[in-house]
There are 2 protein chains.
Amino acid sequence: MLTDGVIYPLVFADVALFSIQERDLCVLLARRANDPEANKWALPGGILKPMIDASLDQTAVRIIRDKVGVSAGCVEQVRLFSGATRDPRGYSLSQLYCALLSKDQVCAVAGLKTSEVGWVPVKLATDKELAFDHGVMLTEALQFLRAKIKHRALPLHLLNATFSLLDLQDACSLILGSPVDKSSFRRRMKAETCIRPVQGQFREGAYRPAQLYQATPDFQF
Amino acid sequence: MLTDGVIYPLVFADVALFSIQERDLCVLLARRANDPEANKWALPGGILKPMIDASLDQTAVRIIRDKVGVSAGCVEQVRLFSGATRDPRGYSLSQLYCALLSKDQVCAVAGLKTSEVGWVPVKLATDKELAFDHGVMLTEALQFLRAKIKHRALPLHLLNATFSLLDLQDACSLILGSPVDKSSFRRRMKAETCIRPVQGQFREGAYRPAQLYQATPDFQF
DNA sequence: ATAATAGTGTCTCTAAGACACTATCCG
DNA sequence: CGGATAGTGTCTTAGAGACACTATTAT
């Protein structure tokens, strides 16, 4: 970071990776192995490697792959944090990303690589003392996600490839933290072009089967 | 950027600075003095100076001050651009900012410092061939601004401290690029808490005087 | 039948679009 | 007075919230 008399900033990507676990919205936290802030919980993150990463967005993708072994459905920039004091190692930039993982993908890596990475319900996570300014980051990532859902984006990336309308409604409701009216929601979904029912496919199980849906090419989070 | 065997990325802030000039939405463009891309038009930008800038956001503020001599009303992050090929000097990061300048502020610096900086109507600017990926940047900054207005934010930073409702309506309409219904708009503004009429203050001039308004502490773009 | 989940119908309320209208100023 | 800008009233429509209702399955 300091070399030929010039100061070069450290550049990081930090990821707020969300998924739904046992009817709860969770975020992936990693326990820091090294100083600074060793042993504290933090959002998974890593330094930009210009030789490997075609862009900083790709750094974020790489970090997710390293931590959970799969690529997240969508990875979006939230905000850039920067300054001399936020990381003791020196002047730093951290681009915060928000990403979503489906249940399918989470199951595929059910046994996370180390015990030092874990899914934490967001309600608990926001109370935890996180490393650096990651507490603020988590709050902002959540606001970002909530704002998108309020503006009627559908968090299909949190769901399996096929899903029932109730699955989708529950996901929205979990993110918003408030109940969503079933009738209004289904009315909206009927008019929506970005999802469509899969003819003849139903969620079997106890009680009445539910029509399954899937995303159309129109879909964009 | 290259030093002890490690590659350090260049870090820039680039600013899409908007203002209203003669009933047209304009953006500030600077003609590049040096290579690379000398003589091409570009969004004003500059490199992060860690010794001077408390954060990259402050770099953006500094750039605006350097170019037009005043501080913009609001400076917001739009998106981070990054990669090895977007700037021939090497791996680079550019944070794009969107900022607004009021007519008052523009008038205060009516004679811009050099002839190499100028206000260009956005319609013309988007057609121009800009340096680097600044064409994409301008497009995204405009989308960003439009989205905020669609979501009912008020571009008070484009206006003087006191303004008529028609001023505000015209600003919205210019940004959106489509007419805004007067009656609906005023209805909304009557319910709005972030602006209030200034008792007894009117825009004098030809014909019927217009009630002047000002922002309240509630206001946030 | 009953419990449980899937899915519908309908009333009301709010806010926005469209557009014609009135009000107040200048000369 | 007429011309121009400031500001209002009112009809209609689209969509969301609330909530009671019907439908289909398993046991």
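Below, read A as the first sequence line, B as the second, and so on, with proteins coming before strands; counting in each chain starts at 1.
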Contact check, side chains of [X] and [Y], non-hydrogen atoms, under 4.5 Å:
| X | Y | value |
| --- | --- | --- |
| B/Asp14 | B/Phe81 | no |
| A/Tyr97 | A/Asp57 | yes |
| B/Thr216 | B/Cys194 | yes |
| A/Val15 | A/Val75 | no |
| A/Val27 | A/Leu142 | no |
| A/Leu101 | A/Leu28 | no |

Nearest whole angstrom, please: distance from the [atom2] of [N] to the [atom1] of [X].
| X | N | atom1 | atom2 | value |
| --- | --- | --- | --- | --- |
| B/Arg186 | C/dT22 | CZ | C1' | 13 Å |
| B/Phe185 | C/dA15 | CZ | P | 16 Å |
| B/Asp181 | C/dA15 | CG | C1' | 13 Å |

Any B/Lys182 side-chain N or O less than 4.0 Å from OP1/OP2 of D/dT8: no
Of all of [range], which get a heavy atom below 4.0 angstrom from DNA chain D, listed by number?
| range | result |
| --- | --- |
| residues 144-152 of chain A | A/Arg152 |
| residues 153-179 of chain B | B/Leu166 |
| residues 191-213 of chain B | B/Tyr207, B/Arg208, B/Pro209, B/Ala210, B/Gln211 |

Sugar-phosphate, base or nothing in reach of A/Arg187, heavy atoms under 4.0 Å: base
Residue whose nearest DNA chain C nucleotide is more 5′ - A/Ser184 or B/Ser184: A/Ser184
Among D/dT8, D/dC19, D/dA16, the nucleotide that comes nearest once only the side chain of B/Lys190 is considered: D/dT8
Pairwise distance CG(A/Leu174) to CG(A/Leu158) - rounded to 0.5 angstrom: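 Interatomic distance, A/Leu174 CG to A/Leu158 CG, rounded to 0.5 Å: 9.0 Å.
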Whether A/Phe163 and A/Tyr213 hold their rings parallel, tilted or perpendicular, with breakpoints at 30° and 60°: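 Parallel.
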Ring-ring centroid check B/Phe219 B/His157, cutoff 6.0 Å: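 Centroid separation for B/Phe219 and B/His157: below 6.0 Å.
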Neighbour count >12 (heavy atoms, 6.0 Å) for atom NZ, A/Lys123: no
Lys/Arg-Asp/Glu bridge criterion (N-O < 4.0 Å) met for A/Glu140, A/Arg79: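 Yes, A/Glu140 and A/Arg79 are salt-bridged.
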